[in-house]
Structures are given as C-alpha cells and as structure tokens.
Amino acid sequence: MSEKWYVTMKKADFNALGARFGIDPVTARIIRNREVVGEEAIMEYLACSADKLHDPHLLKDADKGAAILAEKISQNKKIRVIGDYDIDGVNASYILLTGLRECGASADHVIPDRVHDGYGVNTRMIEKALADGIDTIITCDNGISASQEIACAEESGITVIITDHHEVPFAIDENGEKIYQIPKAHAVINPKQADCTYPYSGLCGAAVAWKFIQVLYEKMGIPATRSFDMIAHVAFATVGDVMDLTGENRMLVKLGLKAIHQTENPGLLALIRQNKLEREQIKSWHFGFVLGPCINASGRLDTAKRSLQLLMEPSLENASKLAKELVELNDRRKDLTLKGIEDAKQKIESQKLDQDKVMVVYLPQCHESLAGIIAGRIREQYHKPIFVLTDAEDGGIKGSGRSIEAYSMYEEMTKCGSLMTKYGGHPMAAGLSMNKENIDQFRKELNAYSSLTQEDFVEKIHIDVAMPLYYIRTQLVREFECLEPFGKGNEKPVFAVRDIHPLRGNIVGKNKNVLRLVLEDGAGGSLDAVYFGDIEAFLAFLREKSSEAEVEALLRGAPQQIRFSMTYDPSIDTYQGNERVQVIIRHYC
C-alpha cells in the first residue's frame, strides 16, 4: 500500500506559547496541530477540568425526559432500559440503571442478543415489555432509527424516552433536501438532531446517558456531582466506541482515566487484574485494545448481559469469575478473527475485489459478530471502504462496514437503501441487513455512486514535527503526557527524521519478532530504536536501497553506509529500575 508523508505546517509563535504555558515549543506545535487555537483553548486543553464540561440541560428534550421519569418514579412505575450489545451500549445501560436506582426507580434492563434480535429495539421486545407490565422504556445507544418499533410501543401505551448518539435517519426529497425521520417518542435526547442546541455533537451513547442522568439527578434533588461516580464508564465507552477525542470527549476521557486510577468498581477492578494490569496503569490505549475487546467479546460470541453483569456485580470474588470468562471469550474471538481476515484476503485476491472503489466481501461461514472487526483490519491494509457480509441465522445477510475519511459510509448507503432491510451507523462505520439476492447489486450500486479517486486510497501520514534525535530528552517525553489521552481525533504525535544511519542491529524476542537498532542522525544524536512491524519486509527494503552485504554488516555491527528516513514515537524504556529514552519506528522510506 502506498503512503504519502506530509509535515503539518500550522503557524504560531511556538517559543512564545511555550514560555507562556511552561511547555517546550515542540509541545506547543503539537497542540496547534490539533486545531487548539488561542490562549483560553490551550489552557482548557492542558487543564481538562470538570467545570469546562457543557451544560447537560442544553440537550434537546433532556429536561422534558427527566420530568417524565421523575413523575414515573414517584408513581413507582416499572421502567425498562433497552441498551445495545457493544461496549458503548453496555456502559450506557450501566449508567442509566445505576442512575435510575439511585433515584429510587423500579428499573430493569434488556440487552438485545446480537444474533437473535439484531441491533436496537424490536417488536418482540415491545410485546415482552407489555407482558411484563412495563410502563416506560428508555433506550441507550439505540432508538433513533427505530421509528416503527417506537410507534408500536407508544400506541400500546408504553412511554418511550430515547437516548442515542447515532446519525438521525433521513430520506432525500425531490429537491435533494434531507427529510429527517425522528421517532415519535415522548422525549428524544440525541445531540445529532438538527435543532438540538448542545454545542458538541460527538458524544457516545454512554456520555448522552450520563448527561441525561445529571439532569434527572437535579430534578430528583440529588447533586449532579454524584454522577461523577460513573465517569470512568463514560471514558471507557468513548474510547471503546472510537469517538473523536476532541473537545468535550477528550475532557471526559481525561477525567474518566483519573477516576479509573482510583476505581473501587469490582467489575472494572476484576477485568483490569484479569488482564494482568493495575488500575493506576490504565491509559486510553487499554480501554480500546485490552479491556474494551473483553466487554465486546461477550456480545459477539455469547451475550452482552454477562458484561453488564460484570459492571453491576458488587462482589469482587464473583466479578473475578466473570472477568475470567470474558477474557477467555476474547481469546477465542481473536482466533476466529484471524481466520476471518485470512479468508477475506483470499477472497479479495482471487476475485480481484481490491480493484473496486468500495469492496464488498461475502464470507458465508464468518460469525456475524466478527464482520466489523474483520472489515476494520482489511480497511487498514487496503485503505479502502469495505463491507463484510455473512449469513445470518434468519436466512438473510448481515454485514458491517468500515470506511476511510474520504467516504461517508452512512450517507452513501442511503443512496441504495432500498436494497437493505435495515441499516444504520456513522460516516466511518455502519451495519446492515439484506436479502442474499441483493449482494451483487449492492456492490454494483455502491461503486456506481462512489466519487472516490485514486488519491483517496493513498494513506496519508501526517507528521507533527521533523525532530532530530539529539532533541529527545526524558523530560520532553514525560511532558508529552499532557497531550493525552490519545485516540481518534487526538492521535499520538508523529515525529520524523531524515537520513538516519543505523550503526548496528539485531533481531530479538522469543519469536524473533523485534528488531533492535542503534541509530545516528548525523546531528550528534544517537539512540536505541525498536521496530515491531514486519522485520523481513523492513530488511528487504534496506537490501533494495543498499545491498545484501550492507545489511549483513548492519546485523554484525560492522561499518556500512545504510541510510533511511523514518517516523517514530519517542518513549522511555525502563529496565531493572534504569530509565533510558528510545524510539519506536512506525514508518520508513
């Protein structure tokens, strides 16, 4: 896959900003590259204090929904939370249930089964709620695209309150205008609504639920600050659902990470320890790539009720058993995912699907819950939008899509919406159901409507700072921690250096999968470096640019004339109590 490297060249007086905020000019440059402009914005970015969070009352229908719930609670009406089976839906369900019970509500929950129910509220759940004498349903992380089901509930006498964050469904009229289709619930709380005055629309479902609980607490005479007992769950869901870590989201995650470092929640503690970590170690990366996949694994291969049970469990002993089961499920999920990725790549190569602008890969044997993960991995490799489709238990087809920045997946799907029985999602990810006979037509129409160009398929590596190795110091690497939490929209800074000369190198690790190098940059700097990628490909690149003999000399520590450019992360390596700066090589050319 080809790459283009760009150095971001935002303008500012970085020396003056560094002096004003007591940070290195390099750190000031990185902050400017994140579109944080002006002293007040920089101060907020560095401080991330709770008093800078937006007023939850600005969410459309939040006060209306809270007033309805307050009345229902006073009448001891039965309330049911209907969540979703992923990390966002599970944490949102935890927040609503915990908040409602704090208010004295008679509340229970239902989480759809991914295979038998599919995403969101369905008619069967409405019928079950009626049979159970439920008065009020409150959704979280779903509901905005369930107009028909919610109309059915309301007509049956059930009060419905929606809390969601997904795109509002729309149809295009004859003038090309969007006609938004908002369900007729008693209250709809979703910052994506065009007439919602909330200043930040990028919240995850758990964050919307948390904001709503703040409004409910105030209505019930409970201090809204009590909601901060659950902010770790907001952070967990925000990172796990791959929300942009900009603006308020970044604040929520930063505050949530502080909270998890002191958490006493038995479920979170058990999950952290089962993954051989301590709570003080947790960073946003652990939410996204270690703990989050364990929560998601139960919704994929078993039932998400297990994950919610873990978060609600009051006993550490019981929580430890549940956490062990989730980690084992996630290990199984990893094995199945690897097989699915190999099957997908084989199909793409044999059917030349990579020649399409939008790839549609049909894997009939794939577990339907893994389609999204497989799509994400394939998208990383080919840098093209992709849908992975598989056979569903109901005899139809289910699928998940993952996109690239240049392709708004949900909007593009609406252009061929008639081919699907159900669909929804974001610009970068989507889910769908369809009849098997429509797969080929779906592929044809997506590609016919697509305006993507070859330039859109070239991965762009955005470099924050071209920084020589001699400039890297322990103090500076520590200072970069003020830029965290890292994730989508607030990526780890990318540094680059030209014409690096490797003095020596050796392949280490139990599986011989780590390349260690000592690098010299020609400006007086030399540092240890590690490369965790495809070592054979890296050495082949060096052989092509120099020679076999030169690479052999490098691996013996003998003199040679190899040069290359690289992007890198600076880090601090701690070994037997000693600290030293090293760099992790990310890309090379």
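For reference, positions follow the sequence shown, starting with 1.
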Just by distance, no angles: are the side chains of [X] and [Y] close enough, under 3.5 Å, to form a donor-acceptor pair?
X    : Y    : answer
H165 : D141 : yes
Q441 : E445 : yes
D464 : N33  : yes

Whether the side chain of [X] engages the backbone of [Y] through a donor-acceptor N/O pair (distance < 3.5 Å, no angle test) should be reported.
X    : Y    : value
T238 : N249 : no
N265 : L311 : yes
S201 : P191 : no
R34  : E491 : yes
H286 : K283 : yes
N190 : K192 : yes
R402 : A429 : no
T390 : L363 : yes
N275 : L271 : yes
D88  : G205 : yes

Between [X] and [Y], does the ring centroid distance fall short of 6.0 Å?
X    : Y    : result
Y362 : F442 : no
Y588 : F564 : no
F457 : H383 : no

Taking [X] first and then [Y], would you say they form a salt bridge - that is, a charged N and a carboxylate O separated by under 4.0 Å?
X    : Y    : answer
K60  : D195 : yes
K324 : E328 : yes
E411 : K178 : yes
D331 : K334 : yes
E248 : K211 : yes
K384 : D354 : no
E412 : K415 : yes
D343 : K339 : yes
K254 : E484 : no
K352 : E349 : no

Would you say [atom1] of [X] has more than 12 non-hydrogen atoms from neighbouring residues, nucleotides or ligands within 6.0 angstrom?
X    : atom1 : result
R279 : CZ    : yes
K460 : NZ    : yes
E35  : CD    : yes
E437 : CD    : yes
Q351 : CD    : yes
Q148 : CD    : no
F532 : CZ    : yes

**Item:** Full working for salt bridge (Lys or Arg N to Asp or Glu O under 4.0 Å) between E455 and K4
**Value:** CA-CA 10 Å; E455 185 66 21; K4 272 196 175 178; 3.5 Å; yes
**Prompt:** Hey, mind stepping through V253 and V239 against side chain to side chain contact (heavy atoms under 4.5 Å, CB included) and telling me if it holds?
**Reply:** CA-CA 8 Å; V253 173; V239 175; 3.8 Å; yes
**Request:** Would you indicate whether the side-chain heavy atoms of L483 and P493 approach each other to under 4.5 Å?
**Result:**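 Result yes, sub-4.5 Å side-chain heavy-atom pair found.
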**Asked** Of the non-hydrogen atoms in A206 and I95, which two are nearest, and what is the gap between them?
**Response**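 It is O-CD1, 3.7 Å.
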**Message:** To check you understand the geometry: which heavy-atom pair defines the closest contact between H261 and I282, and what is its length?
**Reply:** NE2-O, 2.7 Å
Value rounded to 0.5 Å, distance of [atom1] in [X] from [atom2] in [Y]:
X    : Y    : atom1 : atom2 : value
M409 : S403 : CE    : OG    : 4.5 Å
K305 : I111 : NZ    : CD1   : 8.0 Å
L452 : D356 : CG    : CG    : 11.5 Å
D61  : I161 : CG    : CD1   : 9.5 Å
S400 : F387 : OG    : CZ    : 9.5 Å
E380 : I341 : CD    : CD1   : 8.5 Å

**Asked** So H233 and Y94, ring pair (Phe, Tyr, Trp, His ring centres under 6.0 Å) or not? Walk me through it.
**Response** CA-CA 8 Å; H233 298 271; Y94 169 84; 4.0 Å; yes
**Message:** Quick check with a 6.0 Å cut-off and a 45 degree axis cone: is R300 positioned over the face of Y85's six-membered ring?
**Reply:**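 Here R300 fails the 6.0 Å and 45° test against Y85.
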**Request:** Verify side chain to side chain contact (heavy atoms under 4.5 Å, CB included) between I584 and Y568, making sure each step is shown before the conclusion.
**Result:** CA-CA 5 Å; I584 299 165; Y568 67 88; over 6 Å; no
**Message:** Under the side-chain contact (heavy atoms from CB on, under 4.5 Å) test against D164, which residue among I144, V188, D84, V208 passes?
**Reply:**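 The passing option is I144.
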**Message:** Tell me whether the rings of Y423 and Y410 are parallel (<30°), tilted (30 to 60°) or perpendicular (>60°).
**Reply:**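 Rings of Y423 and Y410: tilted, as their planes differ by 30° to 60°.
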**Message:** Let's go through F236 and I87 carefully: what are the C-alpha distance in whole Å and the side-chain angles of both, what is the deciding distance for side chain to side chain contact (heavy atoms under 4.5 Å, CB included) to 0.1 Å, and is it a yes or a no?
**Reply:** CA-CA 8 Å; F236 195 7; I87 187 169; 3.4 Å; yes
**Request:** Check the pair F495, F480 against ring pair (Phe, Tyr, Trp, His ring centres under 6.0 Å), reporting the backbone distance first and the verdict last.
**Result:** CA-CA 12 Å; F495 302 95; F480 291 154; 5.3 Å; yes
